[in-house]
Amino acid sequence: MTTKYTADHEWINIEDHDAAVVGITLHAQDALGDVVFVDLPEVGRSFKKGEVAGVVESVKAAADLYMPVGGEVVEVNEALRADPSLANSDPQASGWFFKVKVANPGDTDALMDQGAYDELVKNA
């Protein structure tokens, strides 16, 4: 499994050719504070890379969730919808947002690896 990151603080785990898992990073959830609501995309809907695919609302602010790659949403995390605090307690595991069937595997080439993302956050 390969994890990549966006400058907008989403992560994507590329597990296999069927679907990749998307969520927000630890940095994003720290900045947002206590997450109280998530608006997840509709299963079956396709998005272009960079399109807004959902919204995360916290006690501090609301933030758009951007699609890190182009593709079709094949599953959403209903446990997260029921308990948005999972985005705070376990953002890079059980607090995942949705799974996407990647339309163009080359979309992931422009994303950051862990080292590059750590540099981005450190210099923010």
Exercise. Under a 4.5 Å cut-off applied to non-hydrogen side-chain atoms, are Gln92 and Leu26 in contact?
Worked result: yes
Exercise. Checking side-chain contact (heavy atoms from CB on, under 4.5 Å) for the pair Asn13/Thr2: CA distance, chi angles, key distance, verdict?
Worked result: CA-CA 6 Å; Asn13 283 340; Thr2 303; over 6 Å; no
Exercise. Are Val55 and Leu40 connected, step by step, through hydrophobic side chains (Ile, Leu, Val, Met, Phe, Trp, Tyr) whose heavy atoms are closer than 4.5 Å?
Worked result: no
For this session: Work out which heavy atom in Asn77 is nearest to a heavy atom in Ser94; give both atom names and the distance.
Result: ND2-O, 2.9 Å
Problem set entry | Option from Val73, Val38, Asp39 for which side-chain contact (heavy atoms from CB on, under 4.5 Å) with Phe97 holds | Val38
Exercise. Does a side chain donor of either Glu10 or Tyr5 reach within less than 3.5 Å of an acceptor in the other side chain?
Worked result: no
For this session: Determine whether Asp30 and Thr25 make a side-chain contact, defined as any pair of heavy atoms from C-beta on separated by less than 4.5 Å.
Result: no
For this session: For the residue pair Val56 and Leu32, establish whether any side-chain heavy-atom pair is separated by less than 4.5 Å.
Result: yes
Exercise. Any side-chain donor-acceptor pair under 3.5 Å between Asp83 and Ser85?
Worked result: yes
For this session: Output yes when a side-chain donor or acceptor of Trp11 lies under 3.5 Å from a complementary backbone atom of Pro91, and no otherwise.
Result: yes
Exercise. Are side-chain heavy atoms of Leu111 and Thr6 found at a separation under 4.5 Å?
Worked result: yes
For this session: Would you check if Ile12 and Val21 make a side-chain contact, meaning some heavy-atom pair closer than 4.5 Å?
Result: no
Problem set entry | Donor-acceptor side-chain pairing of Asp34 and Ser58 below 3.5 angstrom | no
For this session: Spell out, as yes or no, whether a donor-acceptor pair under 3.5 Å connects the side chain of Asp107 to the backbone of Gly70.
Result: yes
Exercise. Which atom names give the shortest non-hydrogen contact between Ala53 and Met67, and what distance separates them?
Worked result: CB-CE, 4.1 Å
Exercise. Just wondering, do Val102 and Ile14 contact through their side chains at under 4.5 Å, heavy atoms?
Worked result: no
Exercise. Does the side chain of Asn104 reach to within under 4.5 Å of the side chain of Val69, using non-hydrogen atoms?
Worked result: no
Exercise. Do other residues, nucleotides or ligands put more than 12 heavy atoms under 6.0 Å from the CD atom of Glu42?
Worked result: no
For this session: Looking only at non-hydrogen atoms, find the nearest pair between Lys49 and Ala110 and report the distance.
Result: NZ-CB, 3.6 Å
For this session: Could you tell me whether a side-chain N or O of Asp64 sits under 3.5 Å from a main-chain N or O of Val52, the two making a donor and an acceptor?
Result: no
Exercise. Less than 4.5 Å apart, any side-chain heavy atom of Val22 and any of Lys99?
Worked result: no
Exercise. side-chain contact (heavy atoms from CB on, under 4.5 Å) between Arg81 and Val76: does it pass, once the steps are laid out?
Worked result: CA-CA 9 Å; Arg81 192 188 314 263; Val76 296; 3.5 Å; yes
For this session: Treating Ile, Leu, Val, Met, Phe, Trp and Tyr as nodes and any side-chain heavy-atom pair under 4.5 angstrom as an edge, say whether Phe47 and Val100 lie in one connected cluster.
Result: yes
Exercise. Out of Lys122, His27, His9, which residue meets the side-chain hydrogen bond (donor to acceptor under 3.5 Å, both in side chains) rule with Tyr117?
Worked result: His9
For this session: Output the distance between atom CD (Glu119) and atom CG (Asp113), rounded to the nearest 0.5 Å.
Result: 10.5 Å
Problem set entry | Nearest heavy atoms of Gly50 and Tyr66, plus distance in Å | O-CD2, 3.3 Å
Exercise. Which atom pair, heavy atoms only, marks the closest approach of Leu80 to Gly95?
Worked result: CD2-O, 3.8 Å
Exercise. For the residue pair Met112 and Ala7, what are the closest heavy atoms and their distance?
Worked result: CE-N, 3.3 Å
For this session: In plain terms, say whether Lys48 and Glu51 are close enough for a salt bridge, that is, a side-chain N and a carboxylate O under 4.0 Å apart.
Result: no
